[in-house]
S.K.: 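Okay, here's the structure, questions in a sec.
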Amino acid sequence: MNPVANHLWQSTLFAAAAGLLSLTLRNQRAQVRYALWLAASLKFLVPFALLGSMGSHFQWRTADPITQSPFPITMEQISQPFARSAPVSLVADPSAASQVSAVLLAIWVCGFAAVVLSWLIRWRNIRAGVRAASPLQLDIPLKVISSPVPLEPGVFGIFRPVLLLPEGIVERLSPAQLQAILVHELCHARRRDNIAAAVHMTVEALFWFHPLVWWIGTRLLEERERACDEEVLRNAADPEVYAEGILNVCKFYLASPLRCVSGVTGSNLKKRIEEIMTRRALYSLSLGKKLLLASAATLAIGMPIAIGIFNAPPVRAQSDASTHLALR
């Protein structure tokens with residue numbers, strides 16, 4: 001259980017760092033913050049132990065025994081705070097340790113199955129609407145189908161996405177409103193948001209017991225919708241027309257039940273409408289903030305590799321020389 005506990009601790013620290021960076025970059029474009037939260041999600045699938053094992057393959061030479069620097073030891077203690085040794089009571093009674101592990105595994109399996117089952121049910125409902133849909137001819141670079149199911153417009157599919165529009169939406173939205181909604185959905189398709197959402201749903205299923213995982217999912221949804229809103233406004237859409245189009249979609253249609261079906265009404269709707277109408281100023285990344293992001297990425301990848309390198313057994317130069325002479 002200790003490797004799992006260390007992995008959860010490392011992923012939690014990584015997510016906290018992503019949150020601090022996101023707060024620092026709150027006036028930047030939403031795509032930057034979205035990338036940070038996506039990295040925090042992916043960290044749950046990539047244990048630092050893998051990077052550490054890569055570093056352990058490097059061996060360093062030393063002529064004489066030297067005292068190891070306390071810096072790598074400190075880094076290892078911070079990244080792996082849970083001791084490898086089991087509690088004395090469990091060591092004394094191995095059957096108790098196996099029983100605890102079995103109970104924890106059973107709880108995890110039940111939670112995993114419940115999460116996956118709930119998503120499968122929602123996916124089947126959406127799939128039924130797709131099967132009942134008919135082709136719709138629109139002049140956009142994405143296949144469009146019209147469904148009798150009253151779901152909001154959304155991009156359906158992971159690798160071959162299609163745009164699912166509810167029947168009658170052409171009559172309920174003005175041409176300008178419909179155009180803005182279509183630009184929003186095309187932005188989802190171009191960014192491959194459904195793939196990223198499916199990856200995070202995998203993280204949520206595996207780590208359903210960790211509240212931070214669900215919080216990251218909310219942040220991802222918020223930032224992806226803001227990123228698409230910014231794209232729509234950059235395409236010279238009228239903010240009032242766009243906001244009215246989103247509100248009309250909310251009025252007549254149901255929200256998408258799955259994050260991997262990218263819609264238009266997700267996230268905090270009130271806050272999104274306020275941001276659309278005010279068109280708050282967004283700034284490009286300055287050199288200092290680019291260096292900050294680069295340093296954070298280097299530290300996240302380099303620290304576990306460095307720990308693996310320092311933990312690798314040193315190769316003594318004197319031993320090598322003695323072995324060479326003996327062979328001669």
S.K.: Between L8 and F207, is there a side-chain heavy-atom distance shorter than 4.5 Å?
M.R.: yes
S.K.: Would you say T202's side chain and A198's backbone share a donor-acceptor pair under 3.5 angstrom?
M.R.: yes
S.K.: Check for a donor-acceptor pair, side chain of R124 on one end and backbone N or O of I121 on the other, with a separation under 3.5 Å.
M.R.: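 No, because the side chain of R124 does not come within donor-acceptor range (under 3.5 Å) of the backbone of I121.
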S.K.: Go through the structure and list residues passing side-chain hydrogen bond (donor to acceptor under 3.5 Å, both in side chains) with Q179, not counting sequence neighbours.
M.R.: none
S.K.: Applying side chain to side chain contact (heavy atoms under 4.5 Å, CB included) to K271 and E222, what does each step give before you reach the verdict?
M.R.: CA-CA 10 Å; K271 189 172 183 180; E222 288 182 353; 5.8 Å; no
S.K.: Might you point out which heavy atoms bring W37 and A15 nearest each other, and give the distance in Å?
M.R.: CZ3-O, 4.0 Å
S.K.: Honestly curious: do L151 and V249 fall in one hydrophobic cluster under the side-chain, below-4.5 Å linking rule?
M.R.: no
S.K.: Please answer whether the main-chain N or O of E240 pairs with a side-chain N or O of D238 as donor and acceptor at a distance below 3.5 Å.
M.R.: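 Yes; judged by distance alone, with no hydrogens or angles, the pair exists.
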S.K.: Within this structure, what is the CG-CZ distance for the pair D229 and R234, rounded to the nearest 0.5 Å?
M.R.: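 Taking CG in D229 and CZ in R234, the distance rounds to 10.5 Å.
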S.K.: Any donor-acceptor pair under 3.5 Å linking the side chain of S11 with the backbone of H7?
M.R.: yes
S.K.: Could you go through the salt bridge (charged side-chain N to carboxylate O under 4.0 Å, His left out) check for E275 and R272 one step at a time?
M.R.: CA-CA 5 Å; E275 292 179 350; R272 280 181 61 198; over 6 Å; no
S.K.: Would you kindly confirm whether L13 and L20 end up in one hydrophobic cluster when ILVMFWY residues are joined by side chain heavy atoms under 4.5 Å apart?
M.R.: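 Different clusters: L13 never reaches L20 through Ile, Leu, Val, Met, Phe, Trp or Tyr contacts under 4.5 Å.
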S.K.: Output the distance between atom NZ (K43) and atom CG (L38), rounded to the nearest 0.5 Å.
M.R.: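 Those atoms lie 14.0 Å apart.
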S.K.: Measure across S41 and I216 and return the closest heavy-atom pair with its distance rounded to 0.1 Å.
M.R.: CB-CG2, 4.2 Å
S.K.: Would H184 and E225 count as a side chain to side chain contact (heavy atoms under 4.5 Å, CB included) if you check the C-alpha gap in whole Å, the side-chain angles of each, and the deciding distance to 0.1 Å?
M.R.: CA-CA 9 Å; H184 182 102; E225 295 304 321; 2.9 Å; yes
S.K.: Donor-acceptor pair, distance only, cut-off 3.5 Å: does the side chain of N194 make one with the backbone of V155?
M.R.: yes
S.K.: Tell me, do L45 and L206 make a side-chain contact under 4.5 Å, heavy atoms counted?
M.R.: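 Side chain of L45 against side chain of L206, heavy atoms only: contact under 4.5 Å found.
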S.K.: Decide if atom CZ of R192 counts as having more than 12 heavy atoms of other residues, nucleotides or ligands within a radius under 6.0 Å.
M.R.: no
S.K.: I'd like to know if the side chain of R122 and the backbone of P257 have a donor-acceptor N/O pair within less than 3.5 Å.
M.R.: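 Between the backbone of P257 and the side chain of R122 there is a qualifying donor-acceptor contact (under 3.5 Å).
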S.K.: Any side-chain heavy-atom pair from Y34 and D193 closer than 4.5 angstrom?
M.R.: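 Counting from C-beta outward, Y34 and D193 do come under 4.5 Å.
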S.K.: What's the separation between atom CD1 in I169 and atom CG in N248, rounded to the nearest 0.5 Å?
M.R.: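 Taking CD1 in I169 and CG in N248, the distance rounds to 9.5 Å.
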S.K.: Of all heavy-atom pairs between Y242 and A180, which one has the smallest distance, and what is that distance?
M.R.: CD1-CB, 3.6 Å
S.K.: Between H188 and S262, which heavy-atom pair has the shortest distance, and what is it?
M.R.: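 Looking at all heavy atoms of both residues, the closest pair is CG-CB, 3.5 Å.
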S.K.: Hydrophobic clusters here meaning ILVMFWY residues chained together by side-chain heavy-atom distances under 4.5 Å, can you tell me if L186 and F156 are in one?
M.R.: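 L186 and F156: separate clusters.
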S.K.: What donor-acceptor contacts under 3.5 angstrom involve side-chain atoms of residues 128-147, with partners at least two apart or in another chain?
M.R.:
| from | atom 1 | to | atom 2 | distance (Å) |
| --- | --- | --- | --- | --- |
| S147 | OG | G129 | O | 3.0 |
| S147 | OG | V149 | N | 3.1 |

S.K.: Would a single hydrophobic cluster contain both F159 and W123, if residues Ile, Leu, Val, Met, Phe, Trp and Tyr are joined by side-chain heavy-atom contacts under 4.5 Å?
M.R.: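 No, because W123 and F159 fall into different hydrophobic clusters, even though each may have its own neighbours under 4.5 Å.
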S.K.: Report the residues that fulfil salt bridge (charged side-chain N to carboxylate O under 4.0 Å, His left out) with R190, sequence neighbours left out, ordered by chain and then residue number.
M.R.: E231
S.K.: Is W119 close to E204 at the side-chain level, that is, under 4.5 Å between some pair of heavy atoms?
M.R.: yes
S.K.: To the nearest 0.5 Å, what is the distance between CG on L173 and CD on E244?
M.R.: 10.5 Å
S.K.: Roughly how far, to the nearest 0.5 Å, is the CD atom of Q177 from the CG atom of L247?
M.R.: 9.0 Å
S.K.: Do L165 and V261 share a hydrophobic cluster (ILVMFWY, side-chain heavy atoms under 4.5 Å, transitive)?
M.R.: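 No, because L165 and V261 fall into different hydrophobic clusters, even though each may have its own neighbours under 4.5 Å.
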S.K.: State, with a plain yes or no, whether a side-chain heavy atom of R259 is found less than 4.5 Å away from one of L220.
M.R.: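 No, every pair of side-chain atoms sits at 4.5 Å or beyond.
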S.K.: Using modelled atom types and a 3.5 Å cut-off, is there a donor and acceptor pairing between side-chain atoms of W208 and backbone atoms of W108?
M.R.: yes
S.K.: Taking all non-hydrogen atoms of both residues, which atom of G263 and which atom of R224 are closest, and how far apart?
M.R.: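 Answer, listing the atom of G263 first, then R224: N-NH2, 4.3 Å.
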S.K.: Are any of the side-chain heavy atoms of I246 and I276 separated by less than 4.5 Å?
M.R.: yes
S.K.: Spell out, as yes or no, whether a donor-acceptor pair under 3.5 Å connects the side chain of H200 to the backbone of W214.
M.R.: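 Not at all, since once roles are kept as given, no pair shorter than 3.5 Å links the two residues.
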S.K.: Do L25 and L36 have side chains that get closer than 4.5 Å, going by heavy atoms?
M.R.: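 Of all side-chain heavy-atom pairs linking L36 with L25, at least one is under 4.5 Å.
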S.K.: Could you check whether any side-chain heavy atom of I107 comes within less than 4.5 Å of a side-chain heavy atom of F209, counting everything from C-beta outward?
M.R.: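 They are not in contact (no side-chain heavy atoms under 4.5 Å apart), so the answer is no.
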S.K.: Go through L182 and L163 one step at a time and tell me if the side chain to side chain contact (heavy atoms under 4.5 Å, CB included) criterion holds.
M.R.: CA-CA 9 Å; L182 292 178; L163 177 57; 3.6 Å; yes
S.K.: Any sub-3.5 Å donor-acceptor pair from E152's side-chain atoms to V264's backbone N or O?
M.R.: yes
S.K.: Let me see the working for Q31 and E230 under side chain to side chain contact (heavy atoms under 4.5 Å, CB included), right down to the final yes or no.
M.R.: CA-CA 9 Å; Q31 176 58 30; E230 293 169 7; 5.9 Å; no
S.K.: Which atoms form the tightest heavy-atom contact between H210 and T12, and what is the distance?
M.R.: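 Result for this residue pair: NE2-OG1, 3.0 Å.
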